[in-house]
Amino acid sequence: MSGFDKVVSSYEEAMAGLEDNMTVIAGGFGLCGIPEGLIAQIKKMGTKGLTVVSNNCGVDGFGLGILLEDRQIKKMIASYVGENALFEQQLLSGELEVELTPQGTLAEKMRAGGAGIPAFYTATGYGTPVGEGKEVREFNGRPYIMEESITGDFAIVKAWKADRYGNCIYRHTAQNFNPMAATAGKITVVEVEEIVEPGEIPPSQIQTPGIYVQRVIKGSFEKRIERRVTRSA
Amino acid sequence: MSGFDKVVSSYEEAMAGLEDNMTVIAGGFGLCGIPEGLIAQIKKMGTKGLTVVSNNCGVDGFGLGILLEDRQIKKMIASYVGENALFEQQLLSGELEVELTPQGTLAEKMRAGGAGIPAFYTATGYGTPVGEGKEVREFNGRPYIMEESITGDFAIVKAWKADRYGNCIYRHTAQNFNPMAATAGKITVVEVEEIVEPGEIPPSQIQTPGIYVQRVIKGSFEKRIERRVTRSA
Amino acid sequence: MALSREQIAMRVAQEFKDGSYVNLGIGIPTLAASYVPKGITVMLQSENGLLGMGPYPTDEQVDADMINAGKETVTAISGASIFSSAESFAMIRGGHVDFTVLGAFEVDVHGNIASWMIPGKLVKGMGGAMDLVAGAKNIIVTMTHADKYGNSKLLDKCTLPLTGVNCITHIITDLALLEIKDGAFHLLERAPGVSVEEIQAKTAGKLIVDADVPEMQF
Amino acid sequence: MALSREQIAMRVAQEFKDGSYVNLGIGIPTLAASYVPKGITVMLQSENGLLGMGPYPTDEQVDADMINAGKETVTAISGASIFSSAESFAMIRGGHVDFTVLGAFEVDVHGNIASWMIPGKLVKGMGGAMDLVAGAKNIIVTMTHADKYGNSKLLDKCTLPLTGVNCITHIITDLALLEIKDGAFHLLERAPGVSVEEIQAKTAGKLIVDADVPEMQF
């Protein structure tokens, strides 16, 4: 089944084909479950004018935040961007465009993009700035707004394990947006902690079937913690 | 956590509240992964005028087919109904109304119903009898039709194992429509092969979180096979 | 006397029903988890994909892959489930979460809420708040009754960009528990020692006060 | 001579590209799985929720919970995944399945297909066929060139209720391989020993024939 072997051995191969002005969909919630090495590769490549779709934009100096340093991001589609001074500065100076999208709508837009559904209706955001300019329609007497799906030229995903066919599982809450991002890229690249052989992950436990995945690379992860809160034992 | 214990001990309790003219969403594909005991209970209760939403309607004498015997089903929403002489007879005589729905659209309608999405667009069925009377809209130059979601007064679901909180996993391809059905019932009843204690199913392997489930009952299953095809060893 | 943050959280927790699925926003709402009444159990939903959120971890339990929607390290209870963001908001949008508790800048007599944006200051984003207020069956807003300049946050009409319309039914402030219906705030309970007059003075929106308004019981 | 069912399936299998995800309809399409060329691997998607469908089970392997979209008992290959119907059709509708092969009653020069309903006879339902033709990137239709009365199934305009519009690009019949483009059937290959004249006679829709039409190679 060599035709299904998605494993690549370098980050150059992993992100080959990424060009200026493309759209990149990224998994992750805050700094949890982010494809650290793929983001670093985009920084290294210096690709500019990117539209990045991700729940957050990292923090100063880590995660997607590092792509702000050389102004690689033209537009950010996110639900929450409040942890990043450089982000704020570029937003206020007009260098960075931001499309704030409710978190659930963002997740659903990615899923819909991957699932061939061009648009759906949600009550979320009706009557708020999010609903402005969007079609409103009533169902059972309640108003909903139409939201269109999102797809990307690339999707960059962090999984726990993948087999050579690209079948992925995620670890704990590092799952978050990753499964939806994985479905929505023309080229989906998954960075994993461990590559296993086909069959090692039981078929019903696979969270992202390999059909959505074009490339798999083994990474190493810092896994920085944004808010370490503990209790005494 | 007794407030979250969803286990009931009789089929009467499991289907309590089911009334004439209600809508019942059922999991299963053909005879695979169907809630056999819950269907038998509906037959026993004699509830009439039901709208049943299920990919298929069983076969003569098994699965949802047994609800045809006493004409309990008024309307069937399904993608394929071709294995059932009694079905054919009631359809031709006008006793049974049938709304044929493409399989993927049916699955998505259930998911949307559970997810608070009242409608979505799909290319499936555009230009065919399925698209007649439905709103057509172009996205990126391609025409799509609007499909509305489905919810049920009851959802009847077959799972492999559930814990007392209603967290479910499915076995092999007996998963099929069950996870979507589970999200779309005002009262979702899950019939399982085994009830386990909370924590026995690892959190990331749970396929239907208990929040969707109101009642769990342990059943016993015949698991009739529709088309047994084998090869020599 | 005005309630402390902890007391607001305690009053919120009294509203929890046994067997409820609850989403608690950052701040006072999260505190409510510490005051769930005896004999009542609730299961906490965290919108990043966790149902059955447990306490903060011990040092040994800390795991970068195990966080809550506030990006804090957490644990999961026995019987928890973990899922994608799409599934998490399917639960929320689909009305499967019984209770949502969240903070706000302003609430008005129509049940509108503003909680995510103050124009002129930097916009951090709405996160999951718009989905939560659109989807939850019961929403309790917690906030101080007035801002630090004494301006009421309970208005006839919100002035800030909205998070949701027509969705808030109950508010617990440092001064009172109020219900919103028929285009007015209805005073249901007073904080111990707080007079109806003080509440009236600090409520800009239409307020309806019955003859006898009981004090909160703790 | 007209191709047998097996030969049609063999010709279909020649179209498979290494590393393709393929959905095969009931009948001749399913047979194609047996003729995948050496050195080529494809992964079979079954729309009831299985990617990586394997051969039929031995008697010992039979499991009622393990079936394909034709409701037959099957097995899964190593590296297979199993998922819900919603996920399965997300794959299909979203264009992630590379090849779909299915049967039809009629196909026309506009790429329309009719395959699920003959009015007056009982309607069994479209199952997943409408989703498959709407979502697949490449669709091959397999069918006999004409019905048993000699009536062509390749028409200028389908007469039966449609399964999908503007979606079919290739047809493999017992007589020929044809491509649909620019409002016509284009004859690409003939079955061995079948004349262009016979194909022309049995093709009701506009047919374009190049000077030299090669025979299929097996």
Side-chain angles (χ1 to χ4, degrees), chain A residues 27 29-33 55-56 78-83 87-88 91-92 98 100-108 110-112 122-131 142-144 160 170-180 207 221-233, chain C residues 46-50 53 55-76 80 82-93 95 110 112-114 116-117 119 122-135 161-167:
Chain A
F29 183 93
L31 302 181
C32 181
N55 191 56
N56 315 87
S79 88
Y80 192 81
V81 290
E83 330 283 6
F87 190 97
E88 183 173 349
L91 178 60
L92 292 172
V98 179
L100 288 171
T101 304
Q103 196 172 139
T105 298
L106 185 63
E108 194 67 16
M110 291 185 193
R111 181 193 177 272
T122 176
T124 301
Y126 168 75
T128 78
V130 165
R142 187 176 182 192
Y144 294 81
W160 180 23
Y170 305 94
R171 190 165 173 276
H172 302 332
T173 60
Q175 181 175 170
N176 56 64
F177 281 83
N178 282 298
M180 283 75 68
Q207 290 165 313
F221 297 87
E222 174 185 335
K223 291 197 185 180
R224 193 181 292 187
I225 292 175
E226 214 158 334
R227 293 194 182 139
R228 183 190 173 95
V229 185
T230 59
R231 65 186 160 98
S232 43
Chain C
S46 189
E47 66 265 27
N48 59 316
L50 170 60
M53 181 163 61
Y56 294 121
T58 62
D59 274 328
E60 293 70 40
Q61 290 173 325
V62 166
D63 185 328
D65 290 337
M66 196 67 206
I67 66 166
N68 65 18
K71 295 164 191 163
E72 300 168 324
T73 47
V74 285
T75 59
I82 294 174
F83 34 81
S84 73
S85 300
E87 181 68 50
S88 183
F89 283 93
M91 280 173 203
I92 289 169
R93 202 191 303 104
H110 307 293
N112 299 330
I113 172 174
W116 70 285
M117 183 187 180
L122 184 70
V123 179
K124 290 177 186 296
M126 68 293 285
M130 285 191 183
D131 303 280
L132 282 159
V133 300
L162 296 181
T163 308
V165 296
N166 233 317
C167 53

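Below, chain A is the first sequence line, B the second, and so on; all start at residue 1.
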For this session: Just give me the residue among G128(C), P57(C), A134(C) that pairs up with chain A most often, heavy atom to heavy atom, under 4.5 Å.
Result: P57(C)

Seminar exercise, completed: Counting heavy-atom pairs under 4.5 Å with chain A, the top scorer among D63(C), T163(C), I92(C), T75(C) is D63(C)

Problem set entry | Check: R171(A) main-chain N/O paired with D65(C) side-chain donor or acceptor under 3.5 Å | no

Exercise. Top residue by heavy-atom pair count (under 4.5 Å) with chain C, among A123(A), G27(A), C32(A)?
Worked result: C32(A)

Exercise. Counting heavy-atom pairs under 4.5 Å to chain A, which of M130(C), E60(C), E87(C) comes out on top?
Worked result: M130(C)

Exercise. S84(C): what forms a side chain to side chain donor-acceptor pair (under 3.5 Å) with it, not counting sequence neighbours?
Worked result: none

For this session: Assess whether side chain to side chain contact (heavy atoms under 4.5 Å, CB included) is satisfied between L100(A) and W116(C), documenting all intermediate values.
Result: CA-CA 11 Å; L100(A) 288 171; W116(C) 70 285; 3.9 Å; yes

Problem set entry | Top of V98(A), N55(A), T105(A), L91(A) for chain C proximity - count of heavy-atom pairs under 4.5 angstrom | T105(A)

Exercise. So, do R227(A) and T73(C) sit near enough that their side-chain heavy atoms are less than 4.5 Å apart?
Worked result: no

For this session: Go through R111(A), R142(A), R224(A), M180(A) and name the one with the most non-hydrogen pairs under 4.5 angstrom from chain C.
Result: M180(A)

Exercise. Is a side-chain N or O of T230(A) found less than 3.5 angstrom from the main chain of D59(C), in a donor-acceptor match?
Worked result: no

For this session: Answer yes or no: is there a donor N or O on one side and an acceptor on the other, between the side chain of R93(C) and the main chain of T124(A), under 3.5 Å?
Result: no

Seminar exercise, completed: When N56(A), V229(A), I225(A), L31(A) are each screened for side chain to side chain contact (heavy atoms under 4.5 Å, CB included) with K71(C), the one that passes is N56(A)

For this session: Apply side chain to side chain contact (heavy atoms under 4.5 Å, CB included) to F89(C) and E108(A), showing your working.
Result: CA-CA 8 Å; F89(C) 283 93; E108(A) 194 67 16; over 6 Å; no

